[in-house]
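The structure displayed is predicted, hence computed values, not measured ones. Just so it is clear, the values below take in all heavy atoms, side chains as well, and ignore hydrogens, waters and symmetry mates.
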Amino acid sequence: MSYYLGIDIGTFESKGVLVDADGHIVAQAARGHEMQVPRPGWAEHNPDEDWWGDFVYLSNRLLLDSRIDPKAVRSVACSAIGPCMLPVDQQGRPLMNGVLYGVDNRAAAEVDHLTALIGEDVLLEQCGNALTSQSIGPKILWLKNRHPDLFAKTHKIHTSTTYIMQKLTDCCVIDHYTAANFSPLYRVSNNGWSTALTDTIIEPDRLPDIHWSTEIVGSVTSKAAAQTGLAAGTPVITGTIDAAAEAISVGVLSPGEMMMMYGSTIFIIMPTHERVSDSRLWYAPWLFEGQHTSMAGLATSGTLTHWFRDQFARELSREEAFGVLAGEAMASPPGAKGLVMLPYFSGERTPIHDPHAKGMLFGMNLSHNRGDIYRALLEGIAFGTAHVIDTFRDVGKPPQALYAVGGGTKNTLWSQATSDVCGMPQILRQKTMGASYGDAFLGALAVGDVALGDLEAWNPRAGTIEPDLRTGEIYNRHYDVFKSLYEQTRDLMVRLDG
């Protein structure tokens, strides 16, 4: 038998699977870790503990639990949170913690500076994206401006998957889909690095080599084999960001098919026939040459549910907390007795791209309880998601089919509210572990053991979340309030930042 290893490094948890040639899972494992928030608006991981440490643990765990010969593993594929910014020295050692994706908005001043220097229209035309908290170029400039001593020692800038590939294969690589988030350093016209828009950030030779996601870029080294339990020489593919692998896991392959990932953030991906240029959305080449994708993401989603649990359910164990909170929220009616929450607890990404945006709970009175507030929190995330879906409709790219995936799909109130607010059914697949399963499929694809069309047999449909039109009428009123709250308080939010 042939087997394929897929490992995904997430914001709060990493997951891994071993899959056989028919798509059956022969072993799966998970390992949790924490996101560090050293300052408001910052978000970091320890790359050795949270990225490579999780990979090593999961690889060994999967091989031990499955009892298969490591030589039977045909390919290794990894995805991870992204885009991230990690400077490493000449020996590949991290010089600081990894700076996370758009949930980290420390480079807001650099975003404004580079946008003014280059121009938003030029950025959209040349890079496919406006500069936002998701962009890595401003974060590299932040490093250069605020920590010149570390920048001087920086040999390469890694993202999360790059760091794992370096540890696995001694190759410094990144996929095109992730590289497109390095604006203004990636140009869509030639799918490569360029300093044509500005040479004030970093030299291209200090960035990873760019490949397509399913290219085999190296093999497991003897040193990595000793750490991971894998056989030396096992092929390793470039990999990609977790959300892209998650989209593959549920069969998002054609233009108009959209993935909604319920994780630490809501992340949305939809392949398109041509490049869509709109400052409210993100663009990247898709995982395969000649294809395009439009994307969107909230800054806090699952992260917000974790925050609420840790702050307002301290009397409950972690194992029982979410179940109790879900029960209390279900006892609250749709609309949470008139509560509306803005989920902008770490600024917001799409479609408003505002690092100054603040969380807000509006409409409180003495009758409200914890369950009402938790329900308003979940509904607020659903409203933020609907704002993104409406943006896709505004640019003439309404989704034709919506596939839901991720741990949040187990929260029936959250996923149902999302369908109700967006007015769209969500298709569910039988296998819901997400990105790690997509990684395994991409690895099998890379070595020629499957074709794209085989994904339907690997992961058949399991059901649909249908929108409740009656509840949707209530949510429509609250959705209008949701949008007005931000518009009418946006200037006040900036004033709070001084």
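The aromatic rings of Y163 and H158 lie tilted to each other, with the angle between the two planes from 30° to 60°. Under the 30°/60° scheme for interplanar angles, the aromatic rings of F55 and W52 are found to lie parallel. The aromatic rings of W193 and F182 sit tilted relative to each other, their planes meeting at an angle between 30° and 60°. Relative ring orientation between H45 and H33 is described as perpendicular, the plane-to-plane angle rising above 60° on a 0-90° scale split at 30° and 60°.
Checked options V99, I202, T154; the residue passing with P87 is T154 (criterion: side-chain contact (heavy atoms from CB on, under 4.5 Å)).
Residues satisfying the salt bridge (charged side-chain N to carboxylate O under 4.0 Å, His left out) test with E246, not counting sequence neighbours, are none. Scored by the ring pair (Phe, Tyr, Trp, His ring centres under 6.0 Å) test, H211 finds no partners at all (sequence neighbours excluded). Residues meeting the salt bridge (charged side-chain N to carboxylate O under 4.0 Å, His left out) test with K397, sequence neighbours left out: E274. The side chain to side chain donor-acceptor pair (under 3.5 Å) search around T385 returns none, not counting sequence neighbours. Applying the side chain to side chain donor-acceptor pair (under 3.5 Å) rule to D50 yields no partners; only residues at least two apart in sequence or on another chain are considered. Every residue two or more places apart in sequence or in another chain that forms a side chain to side chain donor-acceptor pair (under 3.5 Å) with R106 is listed here: E44, D104. For Y3, the side chain to side chain donor-acceptor pair (under 3.5 Å) test picks out no residue, with sequence neighbours left out.
Taking each heavy atom of L298 and T350 in turn, the nearest pair found is CD2-O, 3.8 Å. Minimum interatomic distance between I241 and P83 (heavy atoms only, all atoms of both residues): CD1-N, 3.9 Å. When every heavy atom of G137 is checked against every heavy atom of L185, the shortest pair comes out as CA-CD1, 4.4 Å. The heavy-atom pair separating L402 from P425 by the smallest distance is CB-O, 3.6 Å. Annotation for L452 and F441: closest pair O-CZ, 3.9 Å, computed over non-hydrogen atoms. The two residues V340 and V481 have their closest heavy-atom pair at CG2-CG1, 4.2 Å.
Sorted by first then second residue, the side-chain hydrogen bond (donor to acceptor under 3.5 Å, both in side chains) pairs that include residues 434-455, not counting sequence neighbours, are Y4-D449, R74-D449, S79-D439. For residues 112-122, the set of pairs meeting the salt bridge (Lys or Arg N to Asp or Glu O under 4.0 Å) definition, not counting sequence neighbours, is empty. Under the ring-ring contact (aromatic ring centres under 6.0 Å, His included) criterion, the residue pairs touching residues 394-417 are Y262-W414, with sequence neighbours excluded. For the side-chain hydrogen bond (donor to acceptor under 3.5 Å, both in side chains) condition, the pairs that include at least one residue of residues 478-487, sequence neighbours left out, are D354-Y486, D390-Y479, E487-R490. Residues in residues 399-411 take part in no salt bridge (Lys or Arg N to Asp or Glu O under 4.0 Å) pair, two or more places apart or across chains.
Judged by distance alone, the side chains of T272 and Y283 never bring a donor and an acceptor atom under 3.5 Å apart. Between S133 and N105, the side chains place no donor N or O within less than 3.5 Å of an acceptor N or O (distance only, hydrogens not considered).
L342 has its side chain out of reach of K358: every pair of non-hydrogen atoms, C-beta onward, lies at least 4.5 Å apart. Looking at heavy atoms from C-beta onward, S346 lies out of side-chain contact with T303 at the 4.5 angstrom threshold. L413 is listed as a side-chain neighbour of R375, based on a closest heavy-atom distance under 4.5 Å. Within the 4.5 Å cutoff, no side-chain heavy atoms of I9 are placed close to those of S160. Contact annotation: the side chain of S249 never approaches that of K431 to less than 4.5 Å [non-hydrogen atoms, C-beta and beyond].
Between S14 atom OG and L58 atom CG the span is 6.0 Å, to the nearest 0.5 Å. Distance CG/N476 to CG/D420: 10.0 Å, rounded to 0.5 Å. Note that CG of L230 and OG of S59 are 3.5 Å apart. Values are rounded to the nearest 0.5 Å. Interatomic distance, L141 CG to M85 CE, rounded to the nearest 0.5 Å: 10.0 Å.
Between R429 and E456 a salt bridge is recorded (basic side-chain N to carboxylate O distance below 4.0 Å).
Of the possible donor and acceptor atoms, none in the side chain of T161 sits under 3.5 Å from a partner among the backbone N and O of A80. Side-chain atoms of E379 come within 3.5 Å of backbone atoms of G335 as a donor-acceptor pair (strictly under, hydrogens ignored).
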